[in-house]
Amino acid sequence: MTKIFNKLLLVGVSTCLLSNLAFAQETTCYKNGVEKPSLIEDVTLDGGICNGKLSLNDMKNAGWDVLDIKINSSQNKFNYTYFFTKNNTNQKANNNTILKTSVSEPVVQNNKEFSIKPMGLKLGKIEDNKSVIPMGNLIIGQTGIVIHIFDNDKRLIVSNAKVISSDANSSVVEFFEFNDLKQDAIPTSNRVAVTNDILILNYMYNSSLLITPTLDAFQSVRDNFKLNNFVHSDIFAAKLKVDHNPYPTKEDIQKFAIEQNLGTIFMVIENKVFIIDSKTFAILESYAINYENTTATMPFYTRVEEIEESIFNLSYFDFFSGKKSLSYNDYYKKILGVK
């Protein structure tokens, strides 16, 4: 049962961590016959750019990020394979692609760079359910997962993590319960994040829910963010129809995204696309976007028709105090808390 549980919890992790990333250098290094896991960070790695000269720490110091780690054990020794990636510094846009837009307003940029690229590192000291990581310029509300690797190479997701502060050199992450793949028929673990567990930031950021006012906006976002796998809005609309809920609240959107194991929510409001973390609902970035400004539909663009409200559903009234006259843009501005 434990083996089944571990496999279920890690559905999608390998796909997320090994997805092809445009405009990035990639290399694979390995080390066989390591006697203790504690030795792997300082021994020189073979293969790829490492070529028997660079250690894991050397690669990190040179600007390489760990995309994935594979560990096999044989005769009480460990074989490690590291998949590294390194972004070209001249690529700044989200997903490392350039947005195609003719809007005069420039793409919004700040000192916190947004990327869907997963980033892995080993956790150091943990105090009060928090840990300082040697990675700076992260976005407040950015999230990831924590993986514990057992000696027999079994892996288990033990926690979520979110960035609560960040400066140029380091960041503080806080841990909270991982229940994305909750299943009442499967036992859960009582493990929590501990020192030397692996933190993977931007977990499933390339899998997204897309909410737009029109078909043209929907297609424009998908064309601009080709590295993201977007769940079609029809699926969310079908859920709303079954629940008799034509006016989804923030909690409805967030719950659906987490249940579908989606890391981000893309929401088009007026001439911007906002990228939102599914678990914290923090705005990670916003970009100007161009699309034909036709009549917006509520609750969003979907081919699912007649989403009728139940007389027993009071969530809309609680959230909007009975004001059903809000336009699409005003509706989602209120949900997102923007002006």
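Every value quoted in this text rests on a predicted model; they were computed, and no experiment measured them. For the single chain, residues carry numbers from 1 onward in sequence order.
One hydrophobic cluster, built from ILVMFWY side chains closer than 4.5 Å, holds both V158 and F150. Y30 and M59 are members of different hydrophobic clusters when ILVMFWY side chains are connected at heavy-atom separations under 4.5 Å. Note on L56 and L39: same hydrophobic cluster, where clusters join Ile, Leu, Val, Met, Phe, Trp and Tyr whose side-chain heavy atoms are under 4.5 Å apart, directly or indirectly. A continuous path of Ile, Leu, Val, Met, Phe, Trp and Tyr side chains, each step under 4.5 Å between heavy atoms, connects I126 with I133, placing both in one hydrophobic cluster. Residue V338 is grouped with residue Y328 when hydrophobic side chains (ILVMFWY) are merged at heavy-atom distances under 4.5 angstrom, including chains of intermediate members.
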Let me see the working for L45 and Y82 under side chain to side chain contact (heavy atoms under 4.5 Å, CB included), right down to the final yes or no.
CA-CA 9 Å; L45 303 176; Y82 285 91; 4.1 Å; yes
Dump the intermediate steps for side chain to side chain contact (heavy atoms under 4.5 Å, CB included) on F83 and E26, then the final yes or no.
CA-CA 7 Å; F83 299 88; E26 295 181 356; over 6 Å; no
For F236 and K241: C-alpha separation, side-chain torsions, deciding distance, then whether side chain to side chain contact (heavy atoms under 4.5 Å, CB included) applies.
CA-CA 9 Å; F236 185 30; K241 185 168 185 175; over 6 Å; no
Can S220 and D223 be said to form a side chain to side chain donor-acceptor pair (under 3.5 Å), step by step?
CA-CA 5 Å; S220 182; D223 288 343; over 6 Å; no
Going through the checks in order, is the side chain to side chain contact (heavy atoms under 4.5 Å, CB included) test met by S159 and F176?
CA-CA 6 Å; S159 178; F176 61 103; 5.7 Å; no
Output, in order, the C-alpha distance, side-chain angles, deciding distance and verdict of salt bridge (Lys or Arg N to Asp or Glu O under 4.0 Å) for K125 and E127.
CA-CA 7 Å; K125 185 177 181 181; E127 289 184 343; 2.8 Å; yes
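Closest non-hydrogen pair, A161 versus V146, comes out as CB-CG2, 4.3 Å. Residues T280 and D277 approach most closely at N-OD1, 3.0 Å, considering heavy atoms. For E270 against N329, the heavy-atom pair with the smallest separation is N-OD1, 3.0 Å. In terms of heavy atoms, Y332 sits closest to P299 at OH-O, 2.6 Å. The heavy-atom pair separating M204 from N261 by the smallest distance is CE-O, 3.6 Å. For V163 against L138, the heavy-atom pair with the smallest separation is CG2-CD1, 3.9 Å.
In this structure, CD1 in I116 is found 5.0 Å from CG in L227, a value given to the nearest 0.5 Å. To the nearest 0.5 angstrom, T302 atom OG1 is 10.0 Å from I235 atom CD1. Atom CD1 of I253 is separated from atom CD1 of I335 by 4.0 Å, given to the nearest 0.5 angstrom. Here the CZ atom belonging to F178 is positioned 4.0 Å from the CD1 atom belonging to I157, to the nearest 0.5 angstrom. Annotation: the span from M267 atom CE to S208 atom OG amounts to 12.0 Å, rounded to 0.5 Å. Between atom OH of residue Y301 and atom CG of residue L215 there is a gap of 4.5 Å, rounded to the nearest 0.5 Å.
Between V173 and K162 there is no side-chain heavy-atom pair separated by less than 4.5 Å. Between V192 and F175 there is no side-chain heavy-atom pair separated by less than 4.5 Å. The closest side-chain heavy-atom distance from T28 to F84 is not below 4.5 Å. Contact check for E177 versus N160: no side-chain heavy atoms found under the 4.5 Å cut-off. Counting heavy atoms from C-beta on, the side chains of T212 and S233 never come closer than 4.5 Å. Between S207 and F230 the shortest side-chain heavy-atom distance does not fall below 4.5 Å. Between L121 and M135 the shortest side-chain heavy-atom distance falls below 4.5 Å. Contact check for K339 versus K333: no side-chain heavy atoms found under the 4.5 Å cut-off.
No side-chain donor from either of S55 and D42 sits under 3.5 Å from a side-chain acceptor of the other. Judged purely by distance below 3.5 Å, without hydrogens or angles, the side chains of N228 and Y205 never pair a donor atom with an acceptor atom. Side chains of N202 and Q142: a donor on one and an acceptor on the other come within 3.5 Å.
A donor-acceptor pair under 3.5 Å links the side-chain atoms of D167 to the main chain of N169, judged by distance alone. No donor-acceptor distance shorter than 3.5 angstrom exists from the side chain of N271 to the backbone of I289, with no hydrogens or angles considered. Not one N or O on the side chain of S166 forms a donor-acceptor pair closer than 3.5 Å with the backbone of G136. Although no hydrogens or angles enter the test, the distance criterion places a donor-acceptor pair under 3.5 Å between the side chain of S278 and the main chain of L262. Using a distance-only test at 3.5 Å, with no hydrogens or angles considered, no donor-acceptor pair links the side chain of E174 to the main chain of N129. Between the side chain of Y331 and the backbone N or O of Y247 there is at least one donor-acceptor pair closer than 3.5 Å. Panel note: side chain N51, backbone G47; no donor-acceptor pair is recorded below 3.5 Å.
Each salt bridge (Lys or Arg N to Asp or Glu O under 4.0 Å) pair with one or both residues in residues 45-57, not counting sequence neighbours, appears once here: K31-D46.
The aromatic ring centres of F225 and F266 sit less than 6.0 Å apart. Not less than 6.0 angstrom separates the ring centroid of F218 from the ring centroid of F300.
Heavy atoms from other residues, nucleotides or ligands lying under 6.0 Å from NZ of K239 number 12 at most. Summarising the local packing, CD of Q219 is surrounded by more than 12 heavy atoms from other residues, nucleotides or ligands at distances under 6.0 Å.
The cationic atom of K272 (NZ for Lys, CZ for Arg) does not lie both less than 6.0 Å from the six-membered ring centre of Y287 and within 45° of the ring axis.
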Under 3.5 Å, which donor-acceptor pairs do the side chains of residues 193-201 form with other protein atoms, sequence neighbours left out?
unit_1 : atom_1 : unit_2 : atom_2 : d
T195   : OG1    : G124   : O      : 3.1
D197   : OD1    : H148   : ND1    : 2.7
D197   : OD2    : V194   : N      : 3.0

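Other cluster members for I164: V132, V172, joined by side-chain heavy-atom distances under 4.5 Å among Ile, Leu, Val, Met, Phe, Trp and Tyr.
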